[in-house]
Every structure is written in structure tokens, then in C-alpha cells.
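What follows is a structure written as C-alpha cells; I'll ask about it next.
A quick note: this is a predicted structure, and the numbers were derived from the prediction, not measured. So that the names make sense, note that chain A is the first sequence line, chain B the second, and so on, each numbered from 1.
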Amino acid sequence: MQNTLLLVDGSSYLYRAFHAMPDLRNPQGEPTGAIYGMINMLRRLRSDYPAAYMACVFDAKGKTFRDDLYPEYKAQRAPMPDDLRLQIEPIHQAVAAMGWPILMVEGVEADDVIGTLAVAATRQNMKTVVSTGDKDLAQLVNSQVTLINTMSNEVMDEPGVLAKFGVPPARIIDYLTLIGDTVDNVPGVTKCGPKTAVKWLTEYDSLDGIMANADKIKGVVGDNLRAALNWLPQGRVLITVKTDCDLSAHYQDIQHSLVAKPESKEDMLAFFSRYGFKTWLRELSGDATAGATPLKAASATSAAAPANSPVQGGLFQEEENAAVIEKNYELVLTESALDAWLARIQQASLTAFDTETTSLEPMHAQLVGLSLCCEAGHACYIPVAHHYADAPLQLTRELVLEKLRPWLEDASKAKVGQNLKYDSHVLANHGIQLRGIAHDTLLESYVFESHKSHDMDSLALRHLGKKTISFEEVCGKGASQIGFDQVELQRATDYAAEDADITLQLHQAMWPEIAPDAKLLKVYHDIELPTSVVLQKIERNGVKIDPALLAAQSHEIGIRLLELEQNAYALAGQPFNLNSPKQLGEIFFGKLGLPVVKKTPSGAPSTDEEVLQKLAEDYPLPKILLEYRGLAKLKSTYTDKLPKMVNPATGRVHTNYAQAVAVTGRLASNDPNLQNIPVRTAEGRRIREAFIASPGHIIMSADYSQIELRIMAHISGDASLLKAFADGEDVHRATAAEIFGVTPAEVSNEQRRYAKVINFGLIYGMSAFGLAGNLGIERAAAQSYIDKYFQRYPGVAQYMADTRTKAKAHGYVETVFGRRLWLPEINSPNGPRRQGAERAAINAPMQGTAADLIKLAMIAVQNWLEQEKLQTRMIMQVHDELVLEVADAEVELVRQKLPELMANVATLDVPLLAEVGIGHNWEEAH
DNA sequence: CTGCTAGCATA
DNA sequence: GTATGCTAGCAGA
């Protein structure tokens, strides 16, 4: 079921439902029989053939290629009865509410859309089940595609087709061409019915064979055949279902566009109420609320109405799975209106919540207003600090926050937002601690589709088919951008209330994708949601730095840079901007005539570090540049920049951890990036001396040892690698011993260095070419090391192969915890891109599992700190390292417990090891 | 003022 | 050869 696509020929269903049902009417006198029949048929089909993906395909109005080819096509067909026509729009609504993606392509018949999707599904290794009343579709049947007859419910697979028609699926087109289709007014051979067609096909194999041997067929039927010879090729084209329609890429990607959704209870209630299906209404609402709450009728934007602007730019009339919801956005300016909303959110099972502020910087942002929504379409905006000429009187921020505080701080009041980490900061800026974060649509999207964009405007377009008001549309951009507090209240309400409304709807759209999948649910619920809460605390804790120390380093570096600059000018014979690769290139390769070692991707001669190293062997200027580059980078990026990032209010640096940008599941750090503070060189490491602890505290750092290699051992199950870790060996030494065939004790430093490069290369999905470049050896030599490695670690070789296979088959790979890492280019026809995706596929499970592990560790550590009510604070995460600011009195306790928590966060087939260091600053602790 | 390239810091 | 973010220079608005 997991990998099945269920396709319904909606147009054939319509007629079947209409003719099968008596003339039912609702109290308003509208015909409802076909609607009733359609809902029944689809519900039964779905329960009989549960599938992860499905679509209901309807004919769109307008001419198709068949009409152009043969003007008489379907000319005999009676016009649609009015009573059926009236039910088309409601049927589309009902189908969407039942969770079926709807497809209608202008100029393409439903059959052709179905054929194209079936072929696309087969290509994506999915099984397809087509439900239709039209026998023509039997031509699609093969080992992957089966047909279900709508009324009789007979299942037709390959043997089924043969049994029913007497010819295999591959001959159905020929068979139908011979017989013709009276319904569609497509003639065949006169007097040739099923029997004759089968007889001929058995004798001559195919239509082409029959036509070639037409002169051998005797009798009147033979004459008829010969008379039809000129027609038959055209008839065959008309009968042939197209499988290569120009569907937009969006729909070719079945796993994204055609996900089966559960019935929307809300929409179904509204629908049943609107069309007077009393029994279903009672069933669905249960006895409690039946008829009690006035149900809002879904406003009738029908699925059949041509959309004005196809969202994806394709041929599609982009359709929603939910009927368009009536919008009701309220501007709250009075205490009584606020009280009414308070009452709503107090009793709501889930409330969407959003803040509008003065700034995007979480630690500086001040609240300008907030919006709430507990029922799709019905939202409010509560402005508290809009300042512009003639701004209406608003409730004060103090009043609103004090009134909302009990709800905001109540962990039992479920909230959903888009990146609530930000809103938590904003509220914390006003002394409120947000609790009860039940969902976060940013994280839902990230867990569901890590490789796609997660901003609300994109999500709304993707999941709801809605174009939302963007921040830029409201506030402008660049220098002329205004603060949200300058925005006119009505406009602000349109924007802000929509944010809360859309957030709730996004949750309702995405949650059904995650909740039924145990692995995704675990990643979302047990990892990402709690991690966001921990991250907010870490960001707020901030890191203390020593600005004076950095200033002194800047000064020192500045002096040295001036010296180097003068030396460089002298060697070049002229002044130039040492920071400009362009000018440097002109001096090097133009004026001085140095050899070009390699080129940049855009064709210019490269002057990067590797090139400078090489040139420095023979020339003096490159050596100067190397030192200059290193120091300039330190000064501009770190020693000059970090002091400017100190928050004046806290005296500390507060980074932002981006939780939903890295496709592997890692965090990213920005403003400033604290995950790339130098460590490799001695000069660089001095910057870490400026990362200090408050008085009465020390810095403690704990990092996972060889985490990715350990994960590789676990995932691959390679016996030798597992044993090396189980025995606590130096893994690079162990690898060297295996590759070079010596005992671990005999491994030279050079051999160990080689082994280390190879181990890292494996994690990155290396090739012999890359390894050779890195080790500065011949490619053949590199290949022989790789061969030797895989020979000694066959489990790893197997893992690499399995991972590639899985990635190609599914389009994603998984971490140990089931996080999905999507690789959109894994089957790209573009060689380099595809190979890039293959390397990423190898790396992703290891990098991603490491990310999962440290997130779990962060959650465990934070829980422990809070449970024990310690003064110690977590202050940084650097992928495999946690940094804490530990109160002096707690040092021994934390030093013992921290690595234990990190090591025991999961039980893998390899032991996990975390190594701890302490010091007065980060450099010492490392 | 914005977007791009080159280069380089980390795991 | 995996994954990020930030700086400076530079070209075209």
C-alpha cells in the first residue's frame, strides 16, 4: 500500500454514479444522487484499495487532440443531463474534502492523464491501480498496473485482461481498433466484433500483421477489412491512450503532488450540511454537536471553475484539497473584543499564534501586535504599538500581554506557529515564557520535505495553493522599508491575521503527512520540536566574550597586515588591493608572469590557498599573500566582527541557530556564525581565548569522538570496523594496519595520515580522483588504496552500494532515526549533478544521524540541568560538540554527567564516546 | 542597493 | 569528495 498509486477515472465515475442512483433531492430541491453515489463509490474504493498516493482525474472542458484529428469524435454523444451538470461542482468539492487530489488538464482527456500518471508511477517503482468503467484503459495493464471495474469490482491484471478479452493488454489497442467504439463514434471494421478480432489477432499477432495479410482474409468481413485499411491507423491513434502528456513536473512527482490525505472532517461536515446529507452529518459529528453548531458552508469556489492563474504555470487548473474557506479577519481594538478572543483560545484545542515586531533580530524585537486563529478562516489581529499619524487608539501592550499571559504560559494550551522559536524570544523580551508549543509548521515542513523551502509564502502556495500577502508587499524592502509599527491597521490586519490563519491551515495540511508515519513522527515530535525549545534557551543564554582581548588581537593583526602589504607592493613593483583576487591575478599572471596552476569555475586563473602554496615554492610574493589572507580573514570575520555582535543589554553574543536550513538535519548558526570559529591554526585558536565564562563559572566542552565513522560502522554493520570501535582502538591506526598489512604498532605516522584521509573521504563519498588530489598521489595508487579498504571492510562497500540503490529507488535516504534526506537530483540525466547527488547520498545518513544524536543529547542535557535546578547553562553547539558555562560548584557533577548523557542518548551497535575538557576559555577547554 | 564570484572558516 | 555562513570585491542597477 505504501507504494501504490490509486487513480480514479472521475468522469466515468460521474456517469456511473448518476445513472446508478435514483433521483435524490435535498430540501432545496437540488439533485444530489450523483453526489451521493460518487461519495459512496470513492469511500468504498479507498477502503478496499488503501494507497499512499491517489488522484481523481476529470475531463476538462475544451477540445482535445482527438477532436482535431477526427471532428466526428464523440459527435454522437448526448449532452450531459442538466441534473448531472448541476452536481459537478459539488462533486469536486466533496472529492477534495475526502482527501483526493483532483486533476483536470485542459485539452487532455482523463484517460490520457491516467495513462501518463501510470507510466510515471511505474518509472518511480510504484504500483498503480486504475478504477474506471471504461474498458479502453485495459491497454495500460501490465505487471505494475491493474484495472478495477467500477461497477462489477472485477480486478484485471495481465491474466485478467487475457481472460476477459482473449488478448493480452499489449494487444488491447489493436483489438479495440478493429472493433471500434460506438460510444465515442470511432468506427472499426464493419461486422468485426470481439470474436473476429480475437481470431485475427491470434492468427496474425497484431493489427499491423492483420493489415499486411488483409488480402488473405476471405468473405464479407475480409472485404470490410480491406475497405477500412486506410482508416485503421487513424482509429488506432484515437483509441491509444497517451502516456506522455505534458503534465507539469509538479504532478509527475507523484510522491509529492498526489499524496492521499485523510478526509477533512471539517470540510465534510460543512459539505454534508450544505447539501443536506443528514445521516452522514450525524455519523460524522457524533451525537454531541449534531446540528448544534451552525456549520459554515464552504463558499462555493468549485473545483470545476477554471482557475484564473495556474499556480505552477502548467496546463493545470490547480486545485485544492479543501474548498475555499470564507475569510473573516477581525481587528481587535477593544477590551471586550480581546475578551471574546481570550474565551475562544481558552477552549480551543489548538490555536495558531503569530507575533509582529519591530525587528527580525530576535533579541531586539519589540512586540507590535499579535494574531490568533483557532478555526481556519477566522483570525484576529491585536495591534499594541502601531505608531503613525492618526493611528487609531489601541489596547496597550501591557494590558494585552497581561491578559494573554496565563494562556501564553500555560503548557496545556496547545499552540502552533511558524518558527515559534522567534516568537518565544519576542515574548521573552517582554518577560513572558511561551509554553505549550504543540506544533511548528516550519519544523513540520522540514521533517516532511527537508530539501524544499519552508517560508510561509512558499508553504501556502505548495500546500494550500494560496498566494499570501508577503512582508515586502506590506513594508517594502531595502532602504525604503518601513517598520511594521508604521503599517496602517487595516492593512496590518490583512497581513497578520492571514499569517495566523494560514499557519493553522498549513498545520492541518501537513500534519496528516507526518502523523501516520511512525518514523517521521518520531523525528518531528521527539527530536525537532523539543530541540527548538532547547535552542531558544541556548540562544538566549548567549556566550560571554572578551571584547578587549579581541580588540588587542585586531590591533596586532592590523600592524602585521600593514607590513605585509608594504612587502607585497615592493615585490609586485606597484600598490594593489591584496583583498582583490582579480587585481592579484593581474599582478601574478600578467605582470609577473607566474604559471597558472588551476582555474576558477568561471575561467579566471585561481589564486586560492592551494595555488599560493604551490607558487610559494618558487616565488616570494605568494608566501606573503598566504600570511596576509590568513590574517585578514581572522581580522575581518572574527576579531573585528565579534565585539560588534555583543548585545549591549546582556553583554553577550547571541547567535541564531537555524533549525530548518541544512538538508541533512544539522543546525546552522548565523549572526554571528559560532560554528566556524577557527581552531586549526595557532593564530586562529587565539580567538577562542576570547570566549570566556562569567565570574564563578568555567567553560566546559564535550565532543563526540569519531561520531560519523562510528555511525558508518553501525549502519554498515561491518565486522572489522565494529570491532575496532568496540575494542577502543585508534580507528585511523586500525585502518592503516588493514590497508598496509602491518600490525597497529608498526603503523607509521605517514600511513596513519593516509588512513585518516581515506576514512574522511569515505564519509564524503569520495572517488579515486578526489583521494589522489588530496594525498598528492597517482590516481591508480589512490584506487588501489580504496580497493584495499573495501576488501578489508566489505560491509562498508556493501553499504555504499545499498545506499546508492536506495537513493535512486526512493529519491531519499534515511538516518538511523528515520529522518528523510531527499536527493532531488539522484536520477538526473546530468552526469555531474547525479554523481554529486550520489556522494551526498553516501554522506547524508552519517551526517544526518550525527545531527539526530546531538539533538537528542541537547534535549537530554537541558532536561537534566532543569531537573536538577543547576546554574550551569548550555551556550553553544558545534555539530559534534556541546559547550557549557558551568558554575564552579557544579563542575565535578557536570563533568561526570555530561559525557554520560551524550554517550547514552541512543544504543547503537558501536559505543558512543564523548570527550570533555574544561578551561577559563573555549581554547583551554578544547 | 542587490546579486554574484572567489575565497575560506568550521564539522 | 559532504554540510554550512560570512567577507570583500565588483558589476550592474
Sugar-phosphate only, base, or nothing, as touched by A/Gln583 at under 4.0 Å among non-hydrogen atoms: sugar-phosphate
Under 4.0 angstrom between A/Arg680 side-chain N/O and B/dA9 OP1 or OP2: no
Between P of B/dG7 and CZ of A/Phe588, the distance in whole Å: 11 Å
Touch class at under 4.0 angstrom, heavy-atom based, for A/Glu881 against every strand present: nothing
Sugar-phosphate only, base, or nothing, as touched by A/Ile677 at under 4.0 Å among non-hydrogen atoms: sugar-phosphate
Between A/Asn656 and A/Asp671: side-chain donor-acceptor atoms closer than 3.5 Å: no
Results of salt bridge (charged side-chain N to carboxylate O under 4.0 Å, His left out) for A/Glu610 - residues two or more places apart only: A/Lys598
Donor-acceptor list for residues 761-776 of chain A side chains, cut-off 3.5 Å, not counting sequence neighbours:
residue, atom, partner, partner atom, Å
A/Ser767, OG, A/Phe769, N, 3.4
A/Ser767, OG, A/Gly770, N, 3.1

Could you list the donor-acceptor pairs under 3.5 angstrom formed between side-chain atoms of residues 700-709 of chain A and any protein atom two or more places apart in sequence or on another chain?
residue, atom, partner, partner atom, Å
A/Ser701, OG, A/Glu881, OE2, 2.6
A/Tyr704, OH, A/Met902, O, 2.6
A/Gln706, NE2, A/His732, NE2, 3.4

Among C/dT2, B/dA9, C/dG1, the one nearest A/Asn843 by side-chain distance: C/dT2
Distance-only donor-acceptor test, A/Arg666 side-chain atoms vs B/dA11 base atoms, 3.5 Å: yes
Distance in angstrom units between A/Leu631 CG and B/dC8 P, rounded: 13 Å
By salt bridge (charged side-chain N to carboxylate O under 4.0 Å, His left out) - contacts of A/Arg873 (at least two apart): none
Side-chain N,O (A/Ser669) to OP1/OP2 (B/dT10) below 4.0 Å: no
Sugar-phosphate, base or nothing in reach of A/Asn774, heavy atoms under 4.0 Å: base
Side chain of A/Asn673 (C-beta onward), nearest among C/dC6, B/dT10, B/dG7: C/dC6
Mutual orientation of the aromatic rings belonging to A/Tyr785 and A/Phe740 [parallel < 30°, tilted 30-60°, perpendicular > 60°]: perpendicular
Side chain of A/Thr637 - closest among C/dG1, C/dC6, B/dA11: C/dC6
Got a list of protein N/O to nucleotides 1-5 of chain B N/O distances below 3.5 Å?
residue, atom, partner, partner atom, Å
B/dT5, O3', A/Ser602, OG, 3.4

d(CG, A/Asp880; C1', C/dA3) in whole Å: 13 Å
Whole-Å gap separating P (B/dT10) and CD (A/Glu609): 10 Å
Criterion side-chain hydrogen bond (donor to acceptor under 3.5 Å, both in side chains) against A/Glu814, the qualifying member of A/Arg819, A/Lys806, A/Arg820: A/Lys806
Sugar-phosphate only, base, or nothing, as touched by A/Asn676 at under 4.0 Å among non-hydrogen atoms: base
Partners meeting salt bridge (charged side-chain N to carboxylate O under 4.0 Å, His left out) with A/Glu565 (sequence neighbours left out): none
Gap between atoms CD1 and P, on A/Ile758 and C/dT2 respectively (whole Å): 18 Å
A/Asn577 side-chain N/O to C/dG9 phosphate OP1/OP2 under 4.0 Å: yes
Donor-acceptor pair under 3.5 Å, A/Lys582 side chain vs C/dC10 base: no
Rounded distance in Å - CG (A/Asp852) to P (B/dA11): 20 Å
A/Ser636, nearest nucleotide to its side chain (from C/dC6, B/dT10, C/dA8): C/dA8
Given C/dC6, B/dG7, C/dG9, the nucleotide with the shortest approach to the side chain of A/Ser580: C/dG9
A/Gln675 (side chain) and C/dT4 (base): donor-acceptor pair under 3.5 Å: no
Minimum-distance nucleotide to A/Arg629 side chain [options: B/dG7, C/dT2, C/dT4]: B/dG7
Short side-chain N/O contact from A/Thr664 to OP1 or OP2 of C/dT4, under 4.0 Å: no
Charged N-O contact under 4.0 Å between A/Arg560 and A/Glu563: yes
Sugar-phosphate, base or nothing in reach of A/Tyr638, heavy atoms under 4.0 Å: sugar-phosphate
